K.L.:
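A single structure is presented below for examination.
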Amino acid sequence: MSLPFLPGNSLNSNVGKTNFKKSHQFDNRNDVSMYVGEHKPGIGGQRLVGQRPKPQLSNIPQGEGNAAPAWVAFDRQVMRFDAYFQEAVHEKREEQYRIRKCKIYFYLEDDSIQVIEPQVNNSGIPQGTLIRRHRIPLPPPNDDQFYTVEHFNVDKEITLYGRTFKITGCDQFTYNFLRKLGVRIKAPVGTPSDPNTEHRKAMDETQQPLRPYEKVDTLKQFLDHDRQVLRFFGLWDDKDSMFGDAREMILHYFLADDTVEVKEIIRPNAGRDAAPMFLRRGRLPKAAPEALPQPGETTGRTVLNVFGPMGHKGRYILDSLKTGAVHSEYYHDSNLCIGTQINLWGRTLTLTDCDDFTKQYYSTKYGVTSFKPLNYQSSSGEPINHEWPPYTGFGSEEDSLCSCMGLLPKPPRRDFIKFMEKDRHGLESNVLRFVARLDTNKPIDVDRRFIISYFLSDDTIAVFEPPVRNSGIIGGKFLERNRIKKPGQPLFGTHLSEYYTTADLYVGSRVNFHNHFFILIEADEYAFRYMEKHNEDFSVSDVEKIITKLKGIAGREKDRVKEFFNRNDPQNTGKLGYDQFRNLMVQLGGSQLAEHEIMTLARFYCDTQDTKIDLNTLVSIVQEQLRKNNFENFTKLTEGFIHHDTDRSGFIDPDQIRSTCHAFHVPIPDDLLRAVLSRMNMNEQGQVNFNAFMQYLNWQDHAVSTMKYTAPPVKFNQDWKPLNTQDSVMTVNYVALLQVIFPDSTQ
């Protein structure tokens with residue numbers, strides 16, 4: 001028995017002591033002065049009063065290889081033990097104790113321990129984590145140390161915070177790890193039976209349900225047919241009732257629970273409220289409507305009282321025959337098909353058609369092959385054409401029409417995109433100007449000339465008459481800029497009037513502007529260029545369509561055409577004046593060829609290049625055109641020339657060069673292209689070296705800068721006066737035209 005540590009009751013511990021060395025208590029760690037002697041002994045190597053030794057970790061032998069810390073070597077390595085502990089139960093007759101199973105996890109990286117109790121159904125005990133993960137100290141008086149791996153083994157008891165756990169087994173990893181440490185592992189032991197578990201198990205086996213139980217399996221049907229819906233189209237003919245009509249329906253049959261919903265198809269302006277559902281989802285009885293059953297009359301099971309009073313201690317059995325039960329028949333998928341009439345709570349719904357999934361379902365399950373829909377729509381009545389009210393005369397026709405389209409009138413919407421694209425910007429005026437004369441026999445009006453300007457941004461037309469001195473007529477603005485209606489339309493009609501468009505204005509056309517008849521006789525260069533560039537909108541400027549039409553006209557008079565050219569070109573130069581060319585086209589085509597088509601054909605095959613211009617000047621003009629249009633596809637163009645060079649001589653025909661350039665959309669006018677080809681050196685067969693031609697075109701590698709070609713700008717001027725056609729087209733290369741019209745013959 002030790003005496004209390006008080007004066008007079010203790011001996012001097014320094015008697016006979018020779019070592020009075022003091023441990024090093026302070027040191028520098030990372031250049032910081034700190035206390036490091038928490039676990040170091042005091043004077044003479046003895047512990048101070050109340051000082052505890054440093055806790056020890058698990059002593060695991062080091063293997064071969066580089067040494068690594070425990071938190072790296074044993075990362076995610078856990079030892080698992082099966083255990084149980086006994087818990088006392090007080091003041092209960094059925095049991096005096098309980099056996100609670102649990103699992104003990106020992107983490108090798110830091111010697112931490114976690115205890116978890118598995119969940120047991122209906123145990124009434126809070127289960128789960130009994131002891132959270134941390135280092136657990138040993139029981140007193142060794143509570144200054146912690147549990148290590150040496151304290152664990154099978155068939156061994158450990159005390160954790162006053163609760164004793166009996167280890168009964170371990171997993172395979174724990175078994176192998178302990179064997180490697182040299183621990184002799186005992187055989188697994190059994191777990192005692194739990195009286196509470198045995199008692200509850202016996203009660204469950206002897207327990208009877210309070211009422212008879214009849215299992216109805218609806219889960220399988222739901223899992224097999226979830227999100228599978230049969231859709232039928234039907235018709236409810238309600239014409240027999242007052243103000244009734246035929247109403248179209250859609251019937252949905254849900255295979256998951258045999259329920260039905262019906263939706264009505266409401267057309268626009270039908271005069272009916274758009275109800276979300278005609279019949280909400282539910283089982284559809286066949287004999288509906290019926291009287292409302294009494295409470296308890298309709299039930300899912302029939303129970304017979306065998307003996308005993310009603311309620312407690314009564315004995316019941318389930319009647320499998322369902323004697324006296326009220327049966328209600330409902331519609332199933334076997335009752336639905338095209339042509340079937342369904343009782344929809346007193347309304348007869350005829351099924352007329354179904355969707356593809358429904359057809360596939362019935363053909364797979366029931367073998368149905370005929371799905372011919374019923375034609376229920378009557379064809380005797382003629383469709384009603386809704387006409388807008390006539391034009392009132394106030395404002396524009398579009399503005400008056402907008403007041404009829406809604407209760408809140410809105411202004412007509414303009415084509416803003418077209419306005420932005422076709423508005424004047426830079427040198428692009430987007431205005432087509434034509435010269436016109438009056439179609440009249442009055443001597444005073446025969447010589448009058450007018451300039452008709454068509455604005456592409458808003459399809460408006462303005463007419464201007466240039467003043468002529470000593471004519472007796474004041475020139476100036478003849479017609480204000482506005483849209484012009486075509487003649488022969490009612491003033492107050494129910495449809496929008498038609499206005500003059502770009503397709504109605506071309507050289508040679510006759511137009512009626514407010515009872516003033518004009519004949520268009522000329523156009524400016526910008527109008528010709530614009531119409532030829534957008535030839536998909538202007539058929540009179542499409543060279544291919546004109547040549548196709550000319551082939552059909554001149555195909556029967558081949559000898560006459562050649563005889564005309566031979567007579568007017570005795571020197572056989574291959575060129576013809578514009579007036580002679582026009583006379584021939586008028587003689588051949590007559591009214592089939594418009595004046596604008598003749599001008600387009602002459603412009604395409606014109607020969608206006610001056611013979612005094614040398615080849616270098618023409619090449620510089622061509623390269624300037626290609627540079628402005630950013631044409632760089634020279635590699636593909638060369639491959640196209642090589643494709644025509646079948647003998648690999650480097651020479652091909654000029655016509656093949658022209659056709660290849662047109663196929664690759666080379667932005668060079670055809671007359672300029674012919675002029676360059678005519679000035680190039682040719683071999684004996686009349687072929688051109690396409691490699692030399694490509695050097696002339698390639699403005700990137702073989703640039704020629706003798707001059708800078710600038711196209712004349714087209715300006716919009718009210719005082720513009722037309723130029724004569726002969727100034728722009730002097731001669732026509734009829735040889736190239738004949739080669740296209742008669743490709744099988746030579747000149």
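Note that the structure is a prediction, hence the values are computed from the model and not measured.
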K.L.:
Does atom CG of Asp647 have more than 12 heavy-atom neighbours, drawn from other residues, nucleotides or ligands, at distances under 6.0 Å?
P.N.:
yes
K.L.:
Can you tell me how the ring of Phe641 sits relative to the ring of Phe690, calling it parallel under 30°, perpendicular over 60° and tilted otherwise?
P.N.:
tilted
K.L.:
Looking at CG of Leu584 and CZ of Phe564, how far apart are the two atoms once the value is rounded to the nearest 0.5 Å?
P.N.:
4.5 Å
K.L.:
Run the numbers on Glu597 and Lys545 for salt bridge (charged side-chain N to carboxylate O under 4.0 Å, His left out), then give the verdict.
P.N.:
CA-CA 10 Å; Glu597 294 177 332; Lys545 293 182 180 180; over 6 Å; no
K.L.:
Does any part of the side chain of Ile521, heavy atoms only, come nearer than 4.5 Å to the side chain of Val507, both counted from C-beta?
P.N.:
no
K.L.:
Among Phe434, Phe455, Tyr506, Phe513, exactly one meets ring pair (Phe, Tyr, Trp, His ring centres under 6.0 Å) together with Tyr500. Which residue is that?
P.N.:
Phe513
K.L.:
Determine, step by step, whether Phe371 and Tyr362 satisfy the side chain to side chain contact (heavy atoms under 4.5 Å, CB included) criterion, reporting the C-alpha distance in whole Å, the side-chain angles of both residues, the deciding distance to 0.1 Å, and the verdict.
P.N.:
CA-CA 10 Å; Phe371 298 97; Tyr362 277 93; 4.1 Å; yes
K.L.:
Within this structure, what is the CG-CE distance for the pair Leu593 and Met585, rounded to the nearest 0.5 Å?
P.N.:
7.5 Å
K.L.:
Kindly give the heavy-atom pair with the smallest separation between Phe664 and Leu637, and that separation in Å.
P.N.:
CD1-CD1, 3.8 Å
K.L.:
Would you say CD of Glu536 has more than 12 non-hydrogen atoms from neighbouring residues, nucleotides or ligands within 6.0 angstrom?
P.N.:
yes
K.L.:
Counting distance only, does the side-chain N/O of His662 pair as donor-acceptor with the main-chain N or O of Thr660 below 3.5 Å?
P.N.:
no
K.L.:
Are Phe631 and His665 an aromatic pair by the rule of ring centers under 6.0 Å?
P.N.:
no
K.L.:
With a 6.0 Å cut-off (strictly less than), is the heavy-atom count around NE2 of His643, excluding the residue itself, greater than 12?
P.N.:
no
K.L.:
Run the salt bridge (charged side-chain N to carboxylate O under 4.0 Å, His left out) test on Arg648 and Asp645 for me, step by step, so that the C-alpha distance in whole Å, both residues' side-chain angles and the decisive distance to 0.1 Å come before the verdict.
P.N.:
CA-CA 5 Å; Arg648 298 296 184 267; Asp645 186 15; 5.3 Å; no
K.L.:
Between Leu677 and Phe693, does a side chain to side chain contact (heavy atoms under 4.5 Å, CB included) hold up when you go through it step by step?
P.N.:
CA-CA 8 Å; Leu677 292 175; Phe693 179 73; 3.7 Å; yes
K.L.:
Taking side chain as C-beta onward, heavy atoms only, is Trp388 less than 4.5 Å from Leu401?
P.N.:
yes
K.L.:
Report, as yes or no, whether the 6.0 Å neighbourhood of atom CE on Met405 holds more than 12 heavy atoms from other residues, nucleotides or ligands.
P.N.:
yes
K.L.:
Looking at CE of Met420 and CG of Asp415, how far apart are the two atoms once the value is rounded to the nearest 0.5 Å?
P.N.:
12.0 Å
K.L.:
Take a 6.0 Å sphere around CD1 of Ile265 and say whether it holds more than 12 heavy atoms from other residues, nucleotides or ligands.
P.N.:
yes
K.L.:
Would you tell me whether Asp399 and Ser396 have side-chain atoms, one donor and one acceptor, within less than 3.5 Å of each other?
P.N.:
no
K.L.:
Let me confirm one number: the CG-CD1 distance from Asp655 to Ile652, rounded to the nearest 0.5 Å.
P.N.:
10.0 Å
K.L.:
Look at the aromatic rings of Tyr530 and Phe538 and report parallel, tilted or perpendicular, splitting at 30° and 60°.
P.N.:
perpendicular
K.L.:
Checking the side chain of Asn683 only, and the main-chain atoms of Gln687 only, is there a donor and an acceptor separated by less than 3.5 Å?
P.N.:
yes
K.L.:
Test Phe450 against every option in Phe518, Phe464, Phe517 by the ring pair (Phe, Tyr, Trp, His ring centres under 6.0 Å) rule and name the one that passes.
P.N.:
Phe518
K.L.:
I'd like to know if Arg413 and Glu398 make a salt bridge, using a cut-off of under 4.0 Å between side-chain N and carboxylate O.
P.N.:
no
K.L.:
Looking at every non-hydrogen atom in both residues, tell me the closest pair between Arg231 and Thr358 and how far apart they are.
P.N.:
N-OG1, 3.0 Å
K.L.:
Are Arg603 and Glu532 ion-paired here, with the side-chain N under 4.0 Å from a carboxylate O?
P.N.:
yes
K.L.:
So do Cys354 and Ile338 actually touch side chain to side chain, heavy atoms under 4.5 Å?
P.N.:
yes
K.L.:
Check whether any side-chain N or O of Thr600 sits under 3.5 Å from a backbone N or O of His596 as a donor-acceptor pair, and report yes or no.
P.N.:
yes
K.L.:
Could you grab the distance from atom OG of Ser539 to atom CE of Met531, nearest 0.5 Å is fine?
P.N.:
8.5 Å
K.L.:
Check the surroundings of atom CG in Asn269: do more than 12 heavy atoms from other residues, nucleotides or ligands lie under 6.0 Å from it?
P.N.:
no
K.L.:
If I compare all heavy atoms of Pro654 with all of Val688, which pair ends up nearest, and what's the gap?
P.N.:
CG-CG2, 3.8 Å
K.L.:
Are the side chains of Asn698 and Asp701 in touch, meaning some heavy atoms are under 4.5 Å apart?
P.N.:
yes
K.L.:
Roughly how far apart are Arg424 CZ and Ser457 OG, rounded to 0.5 Å?
P.N.:
11.5 Å
K.L.:
Can you check whether Asp423's main-chain N or O pairs, donor with acceptor, with Asn430's side chain at less than 3.5 Å?
P.N.:
yes
K.L.:
Within the structure provided, determine whether Arg449 and Val435 are in side-chain contact (heavy-atom separation under 4.5 Å).
P.N.:
yes
K.L.:
In this structure, which one of Asp458, Leu456, Asp459 forms a side-chain contact (heavy atoms from CB on, under 4.5 Å) with Lys418?
P.N.:
Asp459
K.L.:
Please tell me whether Thr460 and Arg481 have a donor and an acceptor in their side chains that are separated by less than 3.5 angstrom.
P.N.:
yes
K.L.:
Which atom names give the shortest non-hydrogen contact between Tyr696 and Val619, and what distance separates them?
P.N.:
O-CG1, 3.5 Å
K.L.:
For Leu432 versus Ala527, what's the shortest heavy-atom pair and its separation?
P.N.:
CD2-CA, 3.8 Å
K.L.:
Taking side chain as C-beta onward, heavy atoms only, is Val229 less than 4.5 Å from Phe357?
P.N.:
no
K.L.:
Closer than 3.5 angstrom, by distance alone: can the side chain of Thr352 be matched with the main-chain N or O of Phe233 as a donor-acceptor pair?
P.N.:
yes
K.L.:
Looking at Asp542, Ile546, Ile547, which hits side-chain contact (heavy atoms from CB on, under 4.5 Å) with Glu544?
P.N.:
Asp542
K.L.:
Is there a side-chain contact between Trp699 and Phe634, using heavy atoms and a 4.5 Å cut-off?
P.N.:
yes
K.L.:
Would one find more than 12 heavy atoms of other residues, nucleotides or ligands at under 6.0 Å from atom NE2 of His252?
P.N.:
yes
K.L.:
Decide if atom NZ of Lys551 counts as having more than 12 heavy atoms of other residues, nucleotides or ligands within a radius under 6.0 Å.
P.N.:
yes
K.L.:
May I have the step-by-step check of salt bridge (charged side-chain N to carboxylate O under 4.0 Å, His left out) for Glu465 and Arg448, ending in yes or no?
P.N.:
CA-CA 8 Å; Glu465 183 179 7; Arg448 296 175 65 181; 2.9 Å; yes
K.L.:
Working note: Ser363 + Val368, criterion side chain to side chain contact (heavy atoms under 4.5 Å, CB included); need CA distance, chi angles, decisive distance, verdict.
P.N.:
CA-CA 5 Å; Ser363 61; Val368 181; 5.6 Å; no
K.L.:
Below 4.5 Å, heavy atoms only, C-beta onward: do Ile668 and Leu697 meet side chain to side chain?
P.N.:
yes
K.L.:
Counting N and O atoms only, with roles assigned by atom type, does the side chain of Asn689 sit under 3.5 Å from a partner on the main chain of Asn691, one being a donor and the other an acceptor?
P.N.:
yes
K.L.:
Between Ser497 and Glu397, is any side-chain donor less than 3.5 angstrom from a side-chain acceptor?
P.N.:
yes
K.L.:
Counting only N and O atoms by type, is there a donor-acceptor contact under 3.5 Å from the side chain of Thr364 to the main-chain atoms of Tyr361?
P.N.:
no
K.L.:
Could Lys486 and Asp504 be called an ion pair, given the rule that one side-chain N must be under 4.0 Å from one carboxylate O?
P.N.:
yes
K.L.:
Considering non-hydrogen atoms only, spot the tightest contact between Lys442 and Val446 and give its length.
P.N.:
O-CG2, 2.9 Å
